[in-house]
2 protein chains.
Amino acid sequence: MARRDASVETIQQEMTAFARRARATAARMHPELSLVSYTLLAHLDDQQGCRATDLAAHYLLDKSTVSRQISALEKLGFVERRVDPDDHRVQVLHPTAKGAQTLANVTASRRQAFHERLADWDEEDLDRFADYLLRYNAAQARHG
Amino acid sequence: MARRDASVETIQQEMTAFARRARATAARMHPELSLVSYTLLAHLDDQQGCRATDLAAHYLLDKSTVSRQISALEKLGFVERRVDPDDHRVQVLHPTAKGAQTLANVTASRRQAFHERLADWDEEDLDRFADYLLRYNAAQARHG
DNA sequence: ATTCCACGTTGTACTATACAACTACTTCAA
DNA sequence: TTGAAGTAGTTGTATAGTACAACGTGGAAT
């Protein structure tokens with residue numbers, strides 16, 4: 001049991017340390033797109049457009065937070081709103097061409113940073129690490 | 001190379017997803033001690049006291065940020081300042097008895113949450129996951 | 001003794017966030 | 001078919017965390 005406790009303790013400490021740094025690191029690397037904006041824009045790109053409400057539900061954010069983030073992305077010309085013809089309350093959000101391009105640049109640069117950090121890992125370790133993270137996040141989603 | 005790319009992509013996505021949620025989760029679980037306060041207080045406890053400058057260096061925070069965080073912890077009665085007799089510019093920071101007690105409570109509750117999330121993992125996986133996180137964070141510290 | 005450096009605080013500004021109150025629109029049921 | 005209830009989104013307000021710049025005070029070195 002002692003070994004198990006030690007592993008859990010390390011996992012907790014390291015996940016916490018990572019979380020503390022993540023925002024600042026992202027901001028330093030990509031001043032043009034904060035971690036939150038990046039995530040929202042990536043989701044729009046991925047889903048081929050969706051509603052603000054969907055973003056809020058998916059990322060556990062208040063709808064007012066999403067509303068303001070989307071306004072900011074719109075001011076930057078990265079997102080456009082298309083009113084749903086079937087329901088005039090709804091705005092379907094899409095990345096603009098410019099937004100998609102910026103997203104692609106940031107994604108490429110993030111990807112490169114991760115590749116550099118993980119350059120000396122062998123494939124088996126990478127594969128297992130990815131699985132562990134998926135499993136951990138899924139458990140967190142279930143247990144709060 | 002495709003498998004390697006896929007793993008890196010997953011690691012990136014999952015680390016990002018985790019980072020986005022961490023603060024809010026911590027705030028929900030422990031309203032009395034934010035993630036940042038918790039971390040700083042834990043460091044003081046761990047180090048048997050240290051300077052504000054040391055905290056700033058260790059956590060890559062501006063000294064003004066640390067100053068305000070420490071002020072808040074002091075107002076809550078969780079931290080006390082002892083002026084260094086050898087250098088009157090320096091305040092050595094220590095958790096108070098109350099601060100240490102609160103820290104112990106939060107730590108216990110965090111530990112339990114992690115244990116629950118990781119309950120169905122076997123020991124070998126936990127051990128490897130802990131190693132991977134250490135290795136990842138060490139690499140991030142080196143490569144920014 | 002003067003200049004330079006280190007430690008910490010305070011003023012200011014910005015971002016992310018939540019909650020509550022509101023408007024506009026849709027749906028459903030009497 | 002109309003009125004009640006619910007949904008989508010915005011805006012007002014407040015808070016936390018953060019950085020940068022300017023500052024005061026105290027130590028160190030030439």
Side-chain angles (χ1 to χ4, degrees), chain A residues 16 19-41 44 49-76 78-94, chain B residues 16-17 19-41 44 49-76 78-93:
Chain A
T16 304
R20 240 191 314 95
R21 272 195 303 256
R23 241 172 249 260
T25 303
R28 211 168 347 105
M29 290 201 318
H30 313 293
E32 74 278 28
L33 210 52
S34 79
L35 191 57
V36 180
S37 303
Y38 171 76
T39 312
L40 297 182
L41 192 54
L44 292 185
C50 73
R51 300 175 305 164
T53 298
D54 300 332
L55 292 174
H58 193 258
Y59 293 115
L60 300 180
L61 293 171
D62 192 81
K63 59 190 177 162
S64 63
T65 302
V66 174
S67 173
R68 286 182 232 265
Q69 291 285 334
I70 295 298
S71 291
L73 286 171
E74 192 188 26
K75 274 203 198 76
L76 290 167
F78 290 168
V79 159
E80 66 179 20
R81 310 166 190 250
R82 303 183 194 156
V83 172
D84 183 340
D86 294 346
D87 185 340
H88 286 201
R89 290 171 305 183
V90 170
Q91 301 169 1
V92 182
L93 306 169
H94 293 268
Chain B
T16 304
R20 240 192 312 94
R21 275 195 303 255
R23 241 171 250 258
T25 303
R28 212 171 343 106
M29 291 201 316
H30 313 292
E32 75 278 26
L33 209 54
S34 78
L35 190 58
V36 180
S37 302
Y38 171 77
T39 311
L40 296 183
L41 192 53
L44 293 185
C50 74
R51 299 175 305 165
T53 298
D54 300 331
L55 292 174
H58 193 258
Y59 293 116
L60 299 180
L61 293 171
D62 192 82
K63 59 191 176 163
S64 64
T65 301
V66 174
S67 173
R68 285 181 234 265
Q69 290 286 332
I70 294 300
S71 292
L73 286 171
E74 192 189 25
K75 275 203 198 75
L76 290 168
F78 290 168
V79 158
E80 65 178 22
R81 310 167 190 249
R82 303 183 193 156
V83 172
D84 184 337
D86 295 345
D87 185 340
H88 286 203
R89 290 171 307 182
V90 170
Q91 301 168 1
V92 182
L93 306 170

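Computed from a predicted structure; not experimentally measured. Proteins come first, then strands; the chains are lettered A, B, ... in the order of their sequence lines, and each starts at number 1.
- At a threshold of 4.0 angstrom between heavy atoms, the contacts of A:S71 with the nucleic acid are absent.
- Note on B:R81: a side-chain N or O is less than 4.0 Å away from OP1 or OP2 of C:dT9.
- B:D54 places a side-chain N or O within donor-acceptor distance of the main-chain N or O of B:R51, the cut-off being under 3.5 Å.
- Within the model, atoms CG of A:L40 and CG of A:L93 stand 9.5 Å from one another, a figure rounded to the nearest 0.5 Å.
- The shortest distance between side-chain heavy atoms of A:R82 and A:Q91 does not fall below 4.5 Å.
- For C:dC19, neither phosphate oxygen OP1 nor OP2 lies less than 4.0 angstrom from any side-chain nitrogen or oxygen of A:S64.
- Rounded to whole Å, the distance from CG on B:D54 to P on C:dC7 is 8 Å.
- A:L93 comes within 4.0 angstrom of no nucleic acid atom, judged by non-hydrogen atoms across all strands.
- Mapping A:K63 and B:V66 onto DNA chain C via the closest heavy atom, the residue that lands nearer the 5' end is B:V66.
- Both A:D87 and A:R20 sit near DNA chain D, but only A:D87 has its closest nucleotide nearer the 5' end.
- Distance CG (B:D86) to P (C:dC7): 14 Å, rounded to an integer number of Å.
- Once you apply a 4.0 Å limit to the heavy atoms of chain A, the touched nucleotides of DNA chain D run 5' to 3' over D:dG6 to D:dT13.
- Note on B:R51: only backbone sugar-phosphate atoms sit closer than 4.0 angstrom, heavy atoms only; bases stay farther off.
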Margin query: Using the rule given for side chain to side chain contact (heavy atoms under 4.5 Å, CB included), can you reason through A:V92 versus A:C50, listing the C-alpha separation, both sets of side-chain angles and the distance that settles it, and then say yes or no?
Written below: CA-CA 5 Å; A:V92 182; A:C50 73; 5.9 Å; no
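- Remark: side-chain polar atoms of A:T39 are paired, donor with acceptor, to backbone N or O of A:L35 under 3.5 angstrom.
- At whole-Å resolution of the value, CG in B:L73 and P in C:dT9 are 13 Å apart.
- Rounded to whole angstrom, the span from the CD atom of B:Q91 across to the P atom of C:dA6 amounts to 18 Å.
- Comparing C:dA18, C:dC7, C:dA16 by their closest approach to the side chain of A:T65 singles out C:dA18.
- Residue-level contact check: A:I70 touches neither bases nor backbone, having no heavy atom under 4.0 Å from any strand.
- Across all non-hydrogen atoms, the minimal contact from A:F78 to A:E32 is CE1-O, 4.1 Å.
- As a whole-Å value, the separation of A:L40 CG from C:dT17 C1' is 13 Å.
- Judged by closest nucleotide on DNA chain C, A:L60 is the one of A:H88 and A:L60 placed further toward the 5' end.
- The OH-P distance, from A:Y59 to C:dA18, rounds to 15 Å in whole Å.
- Checked by distance alone, B:S67 brings no side-chain donor or acceptor within 3.5 Å of a matching partner on the base of C:dC7.
- Among the atoms of the strands shown, only primed sugar atoms or phosphate atoms (P, OP1, OP2) are found under 4.0 Å from some heavy atom of A:T53.
- When the P atom of C:dC7 is taken as reference, atom CG of B:L55 falls 13 Å away, rounded to whole Å.
- A donor-acceptor pair shorter than 3.5 Å cannot be found between the side chains of B:S64 and B:S67.
- Contact record, B:S37 with B:Q69: OG-OE1, 3.4 Å, taken as the closest heavy-atom pair.
- Residue A:H30 contributes atom NE2, which lies 18 Å from atom P of C:dT15 at whole-angstrom precision.
- Side-chain atoms of B:R89 and base atoms of C:dA6 include a donor and an acceptor less than 3.5 Å apart.
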